[in-house]
Amino acid sequence: MSETVWRVAIPSPLRRLFDYLPPDTPVSGPVAGRRVRVPFGSRQLVGLVVETGEADPAMPRSRLRRISRLLDEAPVVPADMLRLALWSVSYYHHPPGEVLEHLLPVALRRGEAATRSAERWWQLSEEGRHLSPGDLARAPRQQRILARLQQAGGALPAAELQDLGEGWQGVMRRMEEKGLVAGEERGLTVALPSEPVDGGVALNERQQTAVEAISSHLDGFSCHLLEGVTGSGKTEVYLALMRRILAQGRQCLVLVPEIALTPQLTQRFRDSLPARIGLYHSGMNERERRDTWLAARDGELDVLIGTRSAVFLPLKHPGLMILDEEHDPAFKQQDGFRYSARDLALVRARQQALPVVLGSATPSLESLRNARDGRYQALALPKRAGKAKPPLIRTVDLRGQDLDGGLSGQLLTALDRHLRAGNQALLFLNRRGYAPVLICNQCGWTADCSRCDARMTYHRGRGSLDCHHCGNSRRLPRACPECASEKLGVAGQGTEKLEQVLSRRFPDVGVVRIDRDTTRRRGEMDARLQAAREGRARLLIGTQMLAKGHDFPDLTLVGLVDADQGLMSADFRGPERTAQLITQVAGRAGRGEKPGEVLIQTRVPDHPLLETLIQGGYGAFADAALRERNEAGFPPYSHLALLRAEAHQREAVNAFLEEAVDEGSRRASQELLLMGPVPAPMERRAGRYRAQVLIQAEARPALHALLRDWAPWLEGLKSARKVRWSLDVDPIDLF
DNA sequence: AGCACGCCGACT
DNA sequence: GTCGGCGTGCTC
């Protein structure tokens, strides 16, 4: 008769759980989902109990160690989220301890108490409740406090009373002595319910149809792909659905690809939903994250807005999940536990019987295919809301042209025309810095990064050469380090140069550049966006950052300075990315009454992607791209996993990957294809050599059958210790 | 990943 | 004589 053990997920890179003897003290209630402190080797670690079970008979009893301490009196992680995490472990073939870590905010991972920060509240006593302001005629400050508390329904957190002015605490103290108010420590309520100012804008016909279609599936799993062109009003559809869910007393989880998109969405929600709204993203500190996490779990927040990691937010009464900009690659974690928040949202919805809405103007090919095959309900908002017209898009052939800072005559003329008319223009260039190449005109030397297979970018303002791949930076040399010539020149252009050229050419319109360099400082992004929104800046220059979300009402011209960057991408997802980016950027042009114009500069104006996109729109592009994926046997018509490895010695990488491929091929069934090892497209990065093996499968089960045994085997390899390696299931790029 | 243990080189 | 270099093995 073997004895009961607790199986614990330990924060370590090992792909297994560890068995422990239960604590000495008696325990009541379920243990799965509770945190424990356990001895692990020579250390004490915080682990999460996954289940109880019988000890492995092969394991000598003497090697079992005992749980040191039970940290929770009840499970911190609810059963439904534990289930999602365990599913992720088996799907991504990632160590359970590291996956389980993603379930908890950092503060709880460290073993801190699972309670929210306390906050001081003031509330009216019975006597205070019935007092009228006249009763405090001789104490105007007390009167004001009374009025505020009565207005708020009897209680307010101290934080909300700061505006009462210097010394209000003393006044409050006197009221406390009179028995009018009482102080109380409450668990932090992260938000008070917002008071909507608009009760819901009237929906147009298409929006209404979408809302109705989704609403008939709110009581179980369903997935809806809401394909809405920029400006078609997807947010109104979200809001209408959320209102229904909130009315049922259930919670909504809204995922967005990046933090920058949360403020405007939050404001929008506050304006039109009677809900307590919580945020969850990496810009918050540990305490804030813990408080929001616990409040979401305990049902004290109604709407949660977050980035990728918020897919793991527990909800007491989950009712709806929304993924906005579902195609965005930011939903896939790119290191460590490489999960896709979009795919996990779907799994979570299925497990927890929830509806999920995927929204995008440019859906991913995977989602489009799922919609076409009837796995998702396809809903379209094909027209811009109101009177807005789609923009006019054309290409500009750069071949044989004299350019000024990379700008063609046509683009400059168009800029002049739109700015003269008092409108705004946006120039998009996905390359920051002044110039991507510094070259010696005497001997041909170029400034290369010493740690990467890449050129260093010249930043004029800083007077430096920076590597955008590893952060390496050095001062701009005065002369060529090879031949000492002072004839150093640059080639190509980045946003910094664009800004310089355009400021000179259009000195009176206000030029503002928005990229990672100009928005590094806190609040700088907002300040610049604000200048653009208010019309103080009418010429906007930006990288990807500017492609999503932000709307400028007077923006009528969009120029893509260099479309060829994207068109030349070698990755199988390159065309999809490029089409999405062009469509998203183009969508910035023209709102309301003003028609928009889009100019795409290229040296390959007859590129099939561009022709299809311009003539048939994103839908036509997607049709063509899906056909190509099908013919080439790429996702979504096949399934991929990528084994990556990197090390300071190229030999260590090759040795590991070759052993991996040998063994993998031996184990793999016929339907699997192992390719590699091949060097990564940029082989050396930050001083490390990188290479990879691609595994391709027609059907998932065969792929997972291999990974299930192969991953633990790799973990045990001696050559694995000399490299950093990782498995990426459903990689989104092959680099 | 940590961390301990172990077996060889240049130092107070 | 030791401090410490990192190869190797283990973690219930």
Side-chain angles (χ1 to χ4, degrees), chain A residues 1-25 27 31-72 82 85-86 88-90 92-104 106 108-111 333-339 643-657 659-660 686-690 710-728:
Chain A
M1 174 68 194
S2 64
E3 66 183 308
T4 304
V5 290
W6 292 7
R7 284 193 233 292
V8 180
I10 302 284
S12 95
L14 302 169
R15 283 173 172 72
R16 55 178 178 265
L17 299 173
F18 291 85
D19 294 350
Y20 285 87
L21 298 169
D24 291 322
T25 50
V27 174
V31 291
R34 296 205 216 177
R35 294 170 302 159
V36 287
R37 194 168 287 282
V38 293
F40 190 70
S42 60
R43 299 174 290 165
Q44 287 279 323
L45 298 175
V46 175
L48 192 72
V49 183
V50 167
E51 59 186 1
T52 57
E54 301 209 329
D56 177 359
M59 178 79 145
R61 150 101 217 210
S62 59
R63 285 189 57 199
L64 281 178
R65 299 171 81 180
R66 194 170 289 285
I67 304 263
S68 319
R69 207 152 71 80
L70 189 56
L71 295 173
D72 300 306
L82 197 54
L86 293 176
S88 312
V89 168
S90 61
Y92 290 104
H93 303 275
H94 197 73
E98 288 183 9
V99 172
L100 271 292
E101 275 199 303
H102 284 257
L103 277 192
L104 293 169
V106 181
L108 297 182
R109 263 178 240 171
R110 279 205 317 252
Q333 176 126 9
Q334 289 290 28
D335 53 70
F337 171 31
R338 296 171 178 258
Y339 65 97
L643 174 65
R644 307 165 198 265
E646 57 177 53
H648 287 107
Q649 299 84 20
R650 188 191 265 124
E651 252 329 291
V653 178
N654 287 336
F656 167 71
L657 288 179
E659 252 189 292
R688 289 198 174 83
Y689 291 90
R690 311 178 301 152
W710 195 40
W713 183 85
L714 291 172
E715 195 179 290
L717 267 185
K718 203 176 282 185
S719 59
R721 298 219 44 141
K722 297 193 176 70
V723 301
R724 281 176 24 176
W725 66 278
S726 68
L727 255 184
D728 190 349

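Chain naming here is simple, since letters A, B, ... match the order of the sequence lines and numbering starts at 1 in each. As a basis for the values below, the full set of heavy atoms in this structure was taken, side chains included, without hydrogen atoms, waters or symmetry mates. Bear in mind the structure is a predicted one, so any value in this text is a computation, not a measurement.
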Take the protein atom [atom1] of [X] and the nucleotide atom [atom2] of [N], then report the distance between them rounded to whole Å.
X: A:Lys718; N: C:dC6; atom1: NZ; atom2: C1'; result: 15 Å
X: A:Phe40; N: B:dG2; atom1: CZ; atom2: P; result: 11 Å
X: A:Arg63; N: C:dC10; atom1: CZ; atom2: P; result: 9 Å
X: A:Phe18; N: B:dA1; atom1: CZ; atom2: P; result: 14 Å
X: A:Tyr20; N: C:dC12; atom1: OH; atom2: P; result: 5 Å
X: A:Leu64; N: C:dC10; atom1: CG; atom2: C1'; result: 16 Å
X: A:Leu45; N: C:dC10; atom1: CG; atom2: P; result: 19 Å
X: A:Leu717; N: C:dT8; atom1: CG; atom2: P; result: 13 Å

At 4.0 Å (heavy atoms only), tell me whether [X] reaches a base, stays on the sugar-phosphate, or touches nothing.
X: A:Arg16; value: base
X: A:Pro11; value: nothing
X: A:Ser12; value: nothing

Point to revise | Criterion salt bridge (Lys or Arg N to Asp or Glu O under 4.0 Å) against A:Asp72, the qualifying member of A:Arg34, A:Arg37, A:Arg35 | key: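 The salt bridge (Lys or Arg N to Asp or Glu O under 4.0 Å) with A:Asp72 is passed solely by A:Arg35 among A:Arg34, A:Arg37, A:Arg35.
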
Review point. What are the two closest heavy atoms between A:Leu82 and A:Gly33, and how far apart are they?
Key: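 That closest heavy-atom pairing would be CD2-N, 3.8 Å.
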
Point to revise | Closest contact, heavy atoms only, A:Leu64 versus A:Asp19 | key: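 Answer, listing the atom of A:Leu64 first, then A:Asp19: CD2-O, 3.6 Å.
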
Point to revise | Which nucleotide in B:dG2, C:dT11, B:dA4 has an atom nearest any side-chain atom of A:Leu14 | key: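 It is C:dT11.
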
Point to revise | Closest to the A:Asp19 side chain, choosing from C:dC12, C:dT8, B:dG2 | key: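 In terms of side-chain proximity for A:Asp19, the closest of C:dC12, C:dT8, B:dG2 is C:dC12.
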
**Study point:** Aromatic ring proximity, centroids under 6.0 angstrom, A:His94 and A:Tyr339
**Key:**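 No, they do not, as the ring centres are separated by 6.0 Å or more.
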
